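Written out below as structure tokens is the structure these notes cover.
What you see is a predicted model, and the numbers here were worked out from it, not measured in a lab. Every heavy atom of this structure was used, including side-chain atoms; hydrogens, water molecules and symmetry mates were not.
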Amino acid sequence: MRCDLRTTFASLVRHQVARVDTRDWMDVRPGIDWLYAANGVFKRGVSDTIAIQARASALDCVVPGLHRLMAYVSWPCWPRRLPGALLAPVLADAQRAASDGPIARPIEKQYFVVERDGVRVVAPRGQDASATRVRYAMPTSGTVLLDLHSHHDMRAYFSSTDDADDQGLSVSAVIGNLFRQPEIVVRLNVYGLHCPVPAGIVFDGLGPFVDRYAGGSRDADADD
């Protein structure tokens with residue numbers, strides 16, 4: 001049994017060269033592809049609900065004969081970018097999120113963009129949240145396209161806790177600085193690889209938010 005499992009999982013991980021004179025590497029199949037391209041090494045993950053390609057490392061030299069690749073995400077159930085019009089209502093709701101104590105204090109809140117007879121934003125009920133953490137249950141219906149949580153008056157960033165949570169194949173976003181200049185960061189997660197990307201790759205507009213994309217930087221001393 002152990003040998004059979006090893007053989008099965010080995011067949012799901014492939015290493016390919018993005019050569020200009022062949023198209024084999026373009027076949028999008030379930031599993032993981034490591035792609036060696038002219039501008040770096042890319043990791044592509046594919047499941048029944050999502051396909052993501054993200055750059056794992058850059059190259060400092062020019063490699064003739066290879067394609068330049070780019071990061072992307074696609075969903076079979078929603079073959080376009082997510083509507084930016086969803087973001088303004090999320091901001092308004094996140095600004096209202098507060099604790100139930102004698103003194104109401106801003107707290108984090110979790111949201112999911114799901115496809116369920118169209119694309120919509122849902123917030124799990126019964127969230128256990130504070131100013132620095134939020135615990136929640138996953139949506140029980142629909143296909144999750146993106147997960148998003150708020151940082152109220154803190155900057156938008158991905159923490160080490162987020163890194164530990166985002167070990168699958170997914171798209172994540174964080175919004176922050178909600179009461180002054182609302183900002184957003186977005187990243188692609190490919191089985192342990194976290195790749196920050198411009199929010200415009202995922203959304204067709206950002207509404208009230210500015211993109212804090214900085215090519216992979218984050219607050220090293222922050223944790224939530």
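- To the nearest 0.5 Å, atom CD1 of residue I175 and atom NE2 of residue H152 are 11.0 Å apart.
- Considering only heavy atoms from C-beta on, Q16 stays 4.5 Å or farther from Y36 through its side chain.
- The side-chain contact (heavy atoms from CB on, under 4.5 Å) test with L86 is passed by exactly one of L148, L146, V121: V121.
- Side chains of Y111 and V122 form no contact here, defined as non-hydrogen atoms less than 4.5 Å apart.
- Summarising the geometry, atom CZ belonging to F112 is positioned 9.5 Å from atom OG belonging to S170; distances are rounded to the nearest 0.5 Å.
- With salt bridges taken as basic N to acidic carboxylate O contacts below 4.0 Å, one links K109 and D93.
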Which donor-acceptor pairs under 3.5 Å do the side chains of residues 54-75 make with protein atoms, sequence neighbours left out?
unit_1, atom_1, unit_2, atom_2, d
R55, NH1, N39, O, 2.9
W75, NE1, L145, O, 3.2

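- Under the 3.5 Å distance criterion, the side-chain polar atoms of R19 are left unmatched by any main-chain donor or acceptor of A37.
- Residues W78 and P83 are in side-chain contact: their nearest non-hydrogen atoms beyond the backbone lie under 4.5 Å apart.
- Taking the side chain as every heavy atom from C-beta outward, V171 and I50 approach each other to under 4.5 Å.
- With hydrogens and angles ignored, the 3.5 Å screen pairs a side-chain donor or acceptor of E183 with a backbone N or O of A156.
- With sequence neighbours left out, D117 forms a salt bridge (charged side-chain N to carboxylate O under 4.0 Å, His left out) with no residue at all.
- Proximity of a side-chain donor or acceptor of Q167 to a complementary backbone N or O of D163 within less than 3.5 Å is detected.
- Atoms CE and OG, on M154 and S159 in that order, are 8.5 Å from each other to the nearest 0.5 Å.
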Using atom types as modelled, flag every donor-acceptor pair under 3.5 Å from a side chain in residues 199-211 to any protein atom, sequence neighbours excluded.
unit_1, atom_1, unit_2, atom_2, d
D204, OD1, G84, N, 2.6
D211, OD1, Y213, N, 2.9
D211, OD2, A199, N, 2.8

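- A distance of 10.5 Å separates CG in D166 from OG1 in T161, rounded to the nearest 0.5 Å.
- When all heavy atoms are compared, the tightest approach of A51 to V46 is CB-CG2, 4.1 Å.
- At least one test fails for R212 against the ring of Y157: distance under 6.0 Å to the centre or angle within 45° of the axis.
- Taking a cutoff of 4.0 Å between a charged side-chain nitrogen and a carboxylate oxygen, D27 and R29 do not qualify as a salt bridge.
- Taking the side chain as every heavy atom from C-beta outward, Q110 and E108 never approach each other to under 4.5 Å.
- D165 places no side-chain N or O within donor-acceptor distance of the main-chain N or O of D162, the cut-off being under 3.5 Å.
- Put simply, NZ on K43 and CH2 on W34 are 4.5 Å apart, with the number rounded to the nearest 0.5 Å.
- Annotation: side chain of S150 is in contact with side chain of L178 (closest heavy-atom distance under 4.5 Å).
- Contact check for L35 versus R44: side-chain heavy atoms found under the 4.5 Å cut-off.
- Counted by atom type alone, S172 and N189 present one or more donor-acceptor pairs between their side chains at under 3.5 Å.
- R23 forms no cation-pi arrangement with W25, by the criterion of a distance under 6.0 Å to the ring centre and an angle within 45° of the ring axis.
- Checked for salt-bridge contact, D24 and R14 miss the test: no charged N lies under 4.0 Å from a carboxylate O.
- Separating the CG atom in L169 from the CG atom in D48 is a distance of 11.0 Å, to the nearest 0.5 Å.
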